[in-house]
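Notes follow the structure.
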Amino acid sequence: MTQYVVYDVFTDSAFGGNQLAVIPDAQNLPEDDLQKIAREFNFSETTFVYPPADPAHTAKVRIFTPTMEIPFAGHPTIGTAVALRDLGQTGDMILELGVGPISCSFGNDHASFTTHAALERLAQPDPALVAAALGLPQTAISTENHPPLQCSLGLPFVIVELINAEALNQCKPAIDQLEAGAAKHPAGLDFALYPYARIGDMIEARMFAPLDNIPEDPATGSAAATLAALLTEVHESAQNLVIHQGMAIGRPSQIAAKTTTGDQVAVTISGKALCTMQGVLCYA
């Protein structure tokens, strides 16, 4: 039988943060079962761990949402690294993801990963469409720093600054408008929306991807990394952000995002994770 563990990521309290199922040894699972297993857990992501292609690395990690395999995501990277550490892996790690090798390290009860991927600006969706998709009036969107932008560091999100936290709390995504956004901007696959409000270095954010069977995500490290990279470009300065997410759905999360400037922006995402469940896939 194949073992699994469940971690709550970007939190230090059980039943907070973002749930992640990790299959620490997926070598014997049939390829056709991977998506079915992810759908059975029905978390925003499930990871399957394999021996690395490069023996100098720690592991190969494949990431599945309930509907598709994706090349990169933040809380699966943090959660899988912590799970492997808890299962006996020592020292820093290099995980082979769909976007290439990602370095992970540990310190002060936090796990961190750093990406040097270049920020891709895929599209500039119409603010009226974005507002409608969020169930907000267009006046709730701030364009002082940037317009709504579909960006990616490996996974696309529409990054939307709102005028305040009250507007963020009022978001009520509209499926028909999300479908319209996905049709108009297919590079984003599911037109995932990442609205945020900023007060200094503190960010409050939410993430909606109901077209990928994720009505609202409690913590989204890949979106946090994308936001940090975008703000680094917009303000032409390194960022040191604390991002709060998940409060609206009762799973409070905290993500630290730091960047460096230069020829190539580096983004480091940090957070805690803890094991809440373990078991076996009885059929496998």
Side-chain angles (χ1 to χ4, degrees), residues 4-24 38 41-47 49 61 63-66 70 72-87 89 93 95 102 104-115 155 157 165 168-169 171 192 194-199 201-209 212-228 239-258 267-279:
Y4 72 84
V5 289
V6 173
Y7 274 70
D8 288 344
V9 186
F10 292 125
T11 180
D12 56 5
S13 301
F15 313 120
N18 204 347
Q19 299 153 294
L20 174 73
V22 181
I23 316 299
F41 279 110
N42 206 36
F43 299 151
S44 56
E45 279 99 11
T46 296
T47 62
V49 182
V61 180
I63 305 171
F64 285 76
T65 75
I70 58 176
F72 170 68
H75 97 274
T77 304
I78 293 288
T80 302
V82 174
L84 294 178
R85 181 200 62 184
D86 291 350
L87 291 167
Q89 181 70 41
M93 303 179 191
L95 302 181
I102 295 287
C104 302
S105 60
F106 301 89
N108 298 323
D109 295 326
H110 285 71
S112 303
F113 70 82
T114 300
T115 175
L155 199 61
F157 299 92
L168 187 69
N169 292 333
C171 290
Y194 191 67
Y196 74 95
R198 180 174 188 173
I199 304 174
D201 288 335
M202 195 276 286
I203 301 281
E204 290 190 21
R206 300 176 74 178
M207 200 288 279
F208 305 104
D212 194 24
N213 204 31
I214 305 170
E216 181 167 355
D217 203 32
T220 318
S222 51
T226 304
L227 172 63
Q239 302 293 301
N240 187 3
L241 308 173
V242 176
I243 299 169
H244 296 275
Q245 194 178 331
M247 291 81 72
I249 54 174
R251 298 192 67 93
S253 309
Q254 183 170 303
I255 303 170
K258 295 183 180 181
V267 182
T268 298
I269 296 293
S270 303
K272 297 182 178 181
L274 72 160
C275 185
T276 55
M277 303 178 193
Q278 58 184 343

Q: Could you pull out all residues at least two apart from S222 that satisfy side-chain hydrogen bond (donor to acceptor under 3.5 Å, both in side chains)?
A: none
Q | Partner residues of Q254 under the side chain to side chain contact (heavy atoms under 4.5 Å, CB included) criterion, sequence neighbours left out | A | V242, H244
Q | Exam field: side chain N18 to backbone V9, donor-acceptor pair closer than 3.5 Å | A | no
Q: Decide yes or no for R251 and D8: does some side-chain heavy atom of the first lie under 4.5 Å from some side-chain heavy atom of the second?
A: yes
**Q.** Atom pair NE2 (H75) and CD1 (I255), whose distance is rounded to the nearest 0.5 Å
**A.** 10.0 Å
(Q) I'd like to know if the side chain of T11 pairs up with that of S253 as donor and acceptor (distance under 3.5 Å, no hydrogens or angles considered). (A) no
**Q.** Set of residues satisfying salt bridge (charged side-chain N to carboxylate O under 4.0 Å, His left out) with respect to D86, sequence neighbours excluded
**A.** none
Q) Going by heavy atoms in the side chains, are T220 and F157 under 4.5 Å from each other? A) yes
Q) Are the ring centres of F113 and F72 closer than 6.0 Å? A) yes
Q) Under 3.5 Å, is there a donor-acceptor pair between the side chain of E216 and the main chain of R206? A) no
Q.
With a 4.5 Å cut-off on side-chain heavy atoms, are F106 and V82 touching?
A. yes
Q. With a 4.5 Å heavy-atom cut-off, do L95 and L84 have their side chains touching?
A. yes
Q) Is any side-chain heavy atom of V61 closer than 4.5 Å to a side-chain heavy atom of P76? A) no
Q: List in chain and number order the residues that pass side chain to side chain contact (heavy atoms under 4.5 Å, CB included) with A83, two or more places apart in sequence or in another chain; answer none if no residue qualifies.
A: V5, Y7, V22
Q. Would you say the side chain of Y196 lies within less than 4.5 Å of the side chain of I243, judging by non-hydrogen atoms?
A. no
Q: Output all residues satisfying side chain to side chain contact (heavy atoms under 4.5 Å, CB included) with T65, sequence neighbours left out; order by chain, then residue number.
A: E45, T67, M68, I70, D212
Q | Residue list, salt bridge (charged side-chain N to carboxylate O under 4.0 Å, His left out) with R85, at least two apart or on another chain | A | none
Q. Between I269 and A257, what is the shortest heavy-atom contact and its length?
A. CD1-CB, 3.6 Å
